[in-house]
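Throughout, protein chains are lettered first and strands after them, A, B, ... in sequence-line order, and every chain is numbered starting at 1. As the structure is a computational prediction, the values presented were derived from the model and not from experiment.
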Amino acid sequence: MSTDGHQEGAAVAVERLLVPLSDTVTVRQTVGYAVQSGLEDADSLECHLVVAMPYDADVPESDRYRDDAENLLSRAQSWVEEDAGTADVTIETATIGVDEYLFGPRDYAEIFDAYAADHGIDRVVIDPEYQPGVTAQLLQPLERELERIGLTYEEAPVERPARRGRLVGETEDFDRLFATFWISYGFYLVLGDPTYWFDLLTGAAVAGIVAVSLAQVTFTVPLDRVQSPIRVVRFAIYVPYLLWEIIKANIAVSAVILRPSMPIDPSLSRVNSRVRSGLPLTALANSITLTPGTLTVRATNQELLVHSLIPDAREDLFDGGLERGIRFVFYGRAAAAIPSPRERDDAEIVGGEEL
Amino acid sequence: MIETLQFWAVVVLLGLGVFFTFVSTVGVLRLPDIYARAHTASQTDTLGAGFALAAVAVAFGWQQATVYSVLLLFFVFITNPTAAHAIARSAAETGVEPLLTEDPDDADDDANTAVESEGEVQ
């Protein structure tokens with residue numbers, strides 16, 4: 001960690017700080033530290049609050065990110081004003097990286113560097129939990145890249161409120177490792193020969209490596225020791241139902257395609273699903289696409305944009321059979337008994353301009 | 001007896017697999033735009049490959065290769081919708097407008113031929 005950037009700060013009248021923000025539990029403390037440390041060394045402080053946009057502006061999700069970014073910036077601005085009190089602090093806010101797709105830590109480091117060069121930034125203050133819209137942990141590789149580029153940075157010394165969370169985190173980590181290990185070991189033995197000692201040994205080694213390296217990637221949501229196995233069982237019950245739906249839909253679509261007049265009726269509809277974003281929504285969108293006649297064009301938050309080929313397929317979609325199935329898998333039988341998207345007015349036919 | 005039954009089960013399953021693959025090919029040729037074609041392309045993967053792999057499983061009988069064919073089907077069922085969704089989404093993002101019928105209940109062929117307008121579509 002290099003903190004030498006502000007040693008000569010006393011001589012400089014204005015200290016210019018760059019604070020990249022993301023919505024974390026420690027962002028408030030980071031901003032507080034930035035203001036406090038900036039004012040220690042200089043009479044006046046110029047505080048640049050920036051949000052790096054992970055997606056370029058053409059991606060539909062970027063609207064949501066932009067709103068979140070504005071929101072965060074205005075909150076952060078009021079924090080700085082609050083902490084600065086009567087001191088001479090200028091606040092600049094910006095969203096950067098709007099024109100490009102930020103992929104890895106190097107991209108982030110480079111846009112921070114470009115911004116720093118443009119505005120004469122002395123030092124970057126980083127939130128230890130900094131995580132701009134991507135799932136992977138970014139802090140360490142980002143620090144490495146900043147080091148390489150030669151931008152002075154400092155990690156804000158924050159107190160993480162998650163002391164108890166750390167302890168819980170250990171059992172969570174164990175559960176993840178345990179589950180990943182046995183899933184990959186099982187898969188290895190299915191492909192190999194479970195009675196041959198060599199396969200048992202190499203399988204354990206491979207599963208160990210897989211578990212250590214991929215457990216955090218495989219399970220992004222903490223596992224539940226009771227619920228997760230039950231979900232697997234419920235999923236096994238759901239699969240025959242899904243297969244039956246696929247066969248029915250296949251026959252219906254085949255009949256339409258083989259008719260000489262080909263009475264197709266393509267339409268786009270929007271369905272607000274009642275399943276959590278993430279794995280349940282992915283499962284629902286995939287089930288919908290797997291059934292011929294309906295095709296998920298877009299899945300944003302809980303809103304699905306579905307292209308349907310024949311009216312029957314659209315009716316089935318509006319009746320929400322698959323949605324009930326997915327709710328059964330993830331939330332249990334009681335949760336499956338919800339009104340269909342049509343009844344709760346969550347499904348409508350839209351035009352092509354909705355894309 | 002068992003052998004004949006197995007043989008005919010394999011023949012029927014393969015026949016069904018070939019039939020759905022054929023339908024899907026016809027569909028890709030006949031259907032008007034990329035979205036409609038994506039629907040029918042997934043038929044090959046679901047029932048076409050499904051019946052063919054079921055035939056393989058029946059032909060092998062109860063042994064390890066059967067487990068492989070079930071696993072294969074499982075992975076096909078995961079990757080197929082992912083690919084179909086990726087195609088549809090990238091088509092939507094590059095501004096390909098779907099052909100839609102004017103009145104959704106009217107199943108005539110004079111579909112509302114939506115004019116492609118590239119600038120405003122995200």
Does a donor on one side chain and an acceptor on the other come within less than 3.5 Å for A:R314 and A:S269?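 There is no such pair (donor and acceptor under 3.5 Å, judged by atom type) between the side chains of A:R314 and A:S269.
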Could you tell me which portion of [X] (side chain, backbone, both or neither) has an atom closer than 4.5 angstrom to a non-hydrogen atom of chain B?
X: A:I247; result: both
X: A:L191; result: both
X: A:S308; result: backbone

Please check: side-chain N/O of [X] versus main-chain N/O of [Y], any donor-acceptor pairing under 3.5 Å?
X: A:R231; Y: A:F330; result: yes
X: A:H307; Y: A:L295; result: no
X: B:Q6; Y: B:V58; result: yes

Select one option (side chain, backbone, both, neither) describing which atoms of [X] are under 4.5 Å from chain A's heavy atoms.
X: B:F77; value: both
X: B:L71; value: side chain
X: B:V67; value: side chain

Less than 6.0 angstrom separating the ring centers of A:W182 and A:Y185, yes or no?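 They qualify: ring centres under 6.0 Å apart.
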Best-contacting candidate, A:T282, A:L243, A:L258, A:I288, against chain B by heavy atom pairs under 4.5 angstrom: A:L258
With respect to chain B, which residue among A:A249, A:S287, A:P292, A:S254 yields the maximal number of heavy-atom pairs within a distance under 4.5 Å?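 It is A:S254.
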Pair A:E303 + A:R298, salt bridge at N-O below 4.0 Å: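 Salt bridge flag = no for A:R298 with A:E303.
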